[in-house]
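A short write-up of the structure that comes next.
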Amino acid sequence: MSLENPQRYTVTAALIYANGPIHIGHIAGCYLPADIYVRYLRATGKDVAFISGTDEHGVPITIRAQKEGITPQEVVDKYYVQIKRSFEEFGISFDLYSRTSKPIHHETSREFFLNLYNSGNFTEEITEQYYDESAKQFLADRYIVGVCPVCGNPNAYGDQCENCGSTLSPTELKEPLRSMLSGSKPVLKATKNWYLPLDRMQPRIEEYVNSHPEWKTNVMGQCQSWLKEGLRPRAMTRDLDWGIKVPLPDTEGKVLYVWFDAPIGYISMTKEWAEQQGRDWELYWRDKDTKLVHFIGKDNIVFHCIIFPAMLMHEGSYILADNVPANEFMNLEGDKISTSRNWAVWLHEYLDELPGKQDVLRYVLAANGPETKDSEFTWKDFQTRNNSELVGIFGNFVNRAVVLTQKFCEGKVPTRGELTGTDQAVLDELAQFPDRIGQAIEQYRFREALTYLMDLARLGNKYLAETEPWKVAKTDLPRVQTILNIALQISANLSIVCEPFLPFTAEKLRKLLNTANSTPEDPTGTAFHWINAGKSDLLPHGHGLGEAVLLFEKLEDDVINQQINKLHEAKRMNELAVKTVPEAKPAIQYDDFAKMDIRIGTILEAERVPKSDKLLKLKVDDGTSTRQILSGIAKHFEPEKLIGVQVTFLANLAPRKMMGLESQGMILMAEDRDGSLSLIGPDKAVWNGGAVS
RNA sequence: GGCGGGGUAGCUCAGUUGGUUAGAGCACAGGAUUCAUAACCCUGAGGUCACGAGUUCAACUCUCGUCCCCGCUACCA
């Protein structure tokens, strides 16, 4: 059962791996729901610690470092800064965003490990692992390359074949095997590691999981699946250099398994935060009245529901997660989001290219979050939701209320007179919204909550349509005042209940209503706390409104098309990037080279060859005369832009007719891996006819 | 291969313990309206609930089988 009336909350969002930037899938699946939840809790006056950070250990970091030719530390430094900044700009309101490379985390992890070790909770096992003798280290699965047993791809990794997608183990790979470190052939070698005997824990874990029937279907299903298969001991240390050293004697070259230390990061980061705040971290991890909630994606379910709780149970002094509302995945334009294939919308790029539109993305991702199944993000949908929902319903309603007030009530909140049945019905309905929204959030049903939020704006639009104050104004001003008072109260309520989802809009709306910090009547601003949401007297009459601004702007097609094009372009480049450099041709003698007469010339004229989509007809000044050269570059260059450019050409290539025209030579080009062409010219102007050798 | 989740309107998604005419938003059609960013408001059309069997008075919902998507995870030592 879920904890009924917690004293405080510890809310964690997955520690993301610091080997790349974050994309919309991460946000939709984990960080945005967590932020909405936390913002709501704070708005209702709850004591919350919202903790997250980067996970900076493990094999992929070392691989990334190798690829980029920098150290693992440089990799994690780079991405930690970038990720942290993106989250801040996006309004994810962590109380602390830290990293697992901090000393406090290393200490906490070692201490945790030693506690388990000293109380006899680990088993030691010796297994045979692949070892690189020249690099003198054990190889992680990813570092071993061999032939895929499924598809025959000669470059399959020890954990997975990137060609056919098969999941593999290093021992499955067929010869020849090689180490990615040195290229030498790895050998099997015995090594000792420490295992957490999950098998012994099974009854207690079952009891724990079964005590939470309220967990989401996907979460519960995954847990039961594991429990049914029977838990097995799991190694908590690895033979690797990069990570937290095992705090035992004679363990050189061994570190804590990244999945052991990562969840402990939640604890160490809470400590770090508590120290900064002068609070007691233990209350947030050891008090039975604290509600612990982990927000994660579906790939992390068993670690958070089984392995981490097992670690905590063994240790003994910690509370266990009350809920783990794992989401499914978000797809993008019909395809899986993929970092390696560069098929993603990166948060830092979005913030750059669509500045000030944090709330649009927050809205779209929350409205279409993968809560019960994989969902789909498309830019077209992004545009539609912005234009017809945020602009058309939410923004439009607020704008109508404000503009009407300026028109008929001098921009001041008018007095509310006698209420009609319609008025009363609307106010009654208004009063129900905060609870409805709040309850959906508490049940981790963020999409539903967001629908209710929009329904409140719809209620406002409908109310205006029914009461038609712009007509009534001609005959009955007091009635108009009553109507607009109510419309403004609805707007004021919107500013409260939209805050968890749309914090930037909430702020804008407060300014618009001139209640940014406080009102003269309410100097502390407490009237606008969630506890007062639903009330119909948030704005006192006579209160002057702020300057009328639009909450949202329409998004035109070109903005959207630009994003779609960019996406496809990125993917195309990436596909081409994996093209390998062509193999070297057989060796030739100098004489072979000397036969080629390569010279510099200047393009005097350039025009398309009629009926040909590839050929350009060039007139080139070769120093002695002008020669005509046909070149198949029409798809890469505008003819006009070539005029006056110096190029390198092969002068003694036998003349040849193409499309009825004679070509007297060949322009030399470099081909980029995306297939685009580059002219080869001298780095400063030289005389035409100058020889290349 | 095993296990888990999913397959519902043209699109994106809801559907609580089996119970009347299966819902929402968008898109579409018609109407109304002009305060508002051609926005808003009303009405309508639109579904063999992946497919096939079964249980039941009654199945989107339960059972079995098949196909497809996603995730976790083995074995072929």
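Owing to the predicted nature of the structure, the values given are computational and were not obtained by experimental measurement. To find a chain, count down the sequence lines: A is the first, B the second, and so on, and within it residues start at 1.
- B:rA9 and B:rG46 are spaced 15 Å apart, taking the P atom of each and rounding to whole Å.
- Nucleotides B:rU8 and B:rC49 have their P atoms positioned 11 Å apart, rounded to a whole Å.
- Across all strands shown, B:rC51 forms a Watson-Crick or G-U wobble pair, both distances under 3.5 Å, with B:rG65.
- Under a 4.0 Å N-O distance rule, the pair A:K357/A:E553 qualifies as a salt bridge.
- Rounded to whole Å, the distance from NZ on A:K462 to C1' on B:rC42 is 9 Å.
- In this structure, A:D299 and A:R458 both approach RNA chain B, and ranking their closest nucleotides by distance from the 5' end singles out A:R458.
- Considering only side-chain atoms of A:E328, the nucleotide from B:rC41, B:rG5, B:rC13 that sits closest is B:rG5.
- Between A:R232 and A:G392, the residue whose closest nucleotide on RNA chain B is further toward the 5' end is A:G392.
- Side-chain proximity of A:K298 to the nucleotides B:rC72, B:rG71, B:rA14 is greatest for B:rG71.
- You'll find that the side chain of A:R400 is closest to B:rC35, out of B:rC35, B:rC3, B:rC42.
- Considering all non-hydrogen atoms of both residues, A:R362 and A:F501 come closest at NE-O, 2.8 Å.
- Counting non-hydrogen atoms under 4.0 angstrom, A:S375 reaches the backbone sugars and phosphates but no base.
- Taking the side chain of A:W470 as heavy atoms from C-beta on, and the options B:rC13, B:rU33, B:rG15, the nearest nucleotide is B:rU33.
- Rounded to whole Å, the C1' atom of B:rG25 lies 15 Å from the corresponding atom of B:rG15.
- For the pair A:R385 CZ and B:rA27 C1', the interatomic distance rounds to 13 Å; values are reported in whole Å.
- Side chain of A:N461, nearest nucleotide from B:rC70, B:rG5, B:rC41: B:rC41.
- Distances were taken from every side-chain heavy atom of A:T217 (C-beta onward) to each of B:rG6, B:rC26, B:rA74; the shortest belongs to B:rG6.
- Atom name C1', nucleotides B:rA14 and B:rC68: the rounded distance is 22 Å, in whole Å.
- Applying the 6.0 Å contact sphere to CD of A:Q562 captures no more than 12 heavy atoms from other residues, nucleotides or ligands.
- For B:rG19, the paired nucleotide is B:rC57, the pair qualifying as Watson-Crick or G-U wobble because both relevant distances are below 3.5 Å.
- Salt-bridge formation is not detected for the pair A:R436/A:E448: no Lys NZ or Arg NE/NH1/NH2 atom is positioned less than 4.0 Å from an Asp or Glu carboxylate oxygen.
- The distance from atom CD1 of A:I560 to atom C1' of B:rC11 is 16 Å, rounded to the nearest whole Å.
- Residue-level contact check: A:V403 touches the backbone only, with heavy atoms under 4.0 Å from sugar-phosphate atoms and none from bases.
- Residue A:R447 has a polar side-chain atom (N or O) positioned under 4.0 Å from OP1 or OP2 of B:rA14.
- For the pair A:L332 CG and B:rC70 P, the interatomic distance rounds to 15 Å; values are reported in whole Å.
- Counting any heavy atom pair closer than 4.0 Å across all strands shown, A:K554 reaches a base atom.
- In summary, A:D239 and A:K189 do not engage in a salt bridge, as defined by a charged side-chain N under 4.0 Å from a carboxylate O.
- Distance CG (A:N396) to P (B:rA38): 9 Å, rounded to an integer number of Å.
- Counting heavy atoms from C-beta on, the side chains of A:F377 and A:V364 come closer than 4.5 Å.
- In this structure, NZ of A:K373 is placed 7 Å from P of B:rC13, rounded to the nearest angstrom.
- Considering only side-chain N and O atoms, A:K407 lies under 4.0 angstrom from the phosphate OP1 or OP2 of B:rA36.
- The same atom, C1', is picked in B:rU55 and in B:rU61; the two are 14 Å apart, to the nearest Å.
- Rounded to the nearest Å, the gap between the C1' atom of B:rU20 and that of B:rG31 is 31 Å.
- In the set B:rG4, B:rU37, B:rU33, the nucleotide with an atom closest to the side chain of A:K471 is B:rU33.
- Taking only side-chain atoms of A:Q222, from C-beta outward, the nucleotide of B:rC72, B:rC41, B:rC70 with the closest atom is B:rC72.
- Residue contacts shown for A:L551 include a base, since a base heavy atom lies under 4.0 Å away.
- Residue A:K336 is classed as a sugar-phosphate contact, given heavy-atom separations below 4.0 Å to backbone atoms only.
- Base-pair partner of B:rA36: not found among the strands shown (Watson-Crick or G-U wobble, both distances under 3.5 Å).
- Base engagement by A:F552 is indicated by at least one non-hydrogen atom pair under 4.0 Å involving a base atom.
- Summarising the geometry, the separation between CZ on A:F329 and P on B:rC69 is reported as 17 Å, rounded to the nearest angstrom.
- Backbone-only engagement by A:E389 is indicated by non-hydrogen atom pairs under 4.0 Å involving sugar-phosphate atoms exclusively.
- In this structure, the CG atom of A:L198 is 15 Å from the C1' atom of B:rU73, given to the nearest Å.
- Using a 4.0 Å cut-off between charged nitrogen and carboxylate oxygen, A:K298 and A:D374 count as a salt-bridge pair.
- With a cut-off of 3.5 Å on both pairing distances, the Watson-Crick or G-U wobble partner of B:rG44 is B:rC28.
- Going from atom OG1 of A:T339 over to atom CH2 of A:W343 covers 13.5 Å, rounded to the nearest 0.5 Å.
- With a cut-off of 3.5 Å on both Watson-Crick or G-U wobble distances, the partner of B:rG4 is given as B:rC70.
- Between B:rC62 and B:rG47, the distance separating the two C1' atoms is 23 Å to the nearest Å.
- A:K216 forms no cation-pi arrangement with A:Y444, by the criterion of a distance under 6.0 Å to the ring centre and an angle within 45° of the ring axis.
- When the P atom is used for both B:rC75 and B:rG6, the distance is 28 Å, rounded to whole Å.
- When both distances must be under 3.5 Å, the Watson-Crick or G-U wobble mate of B:rA14 does not exist.
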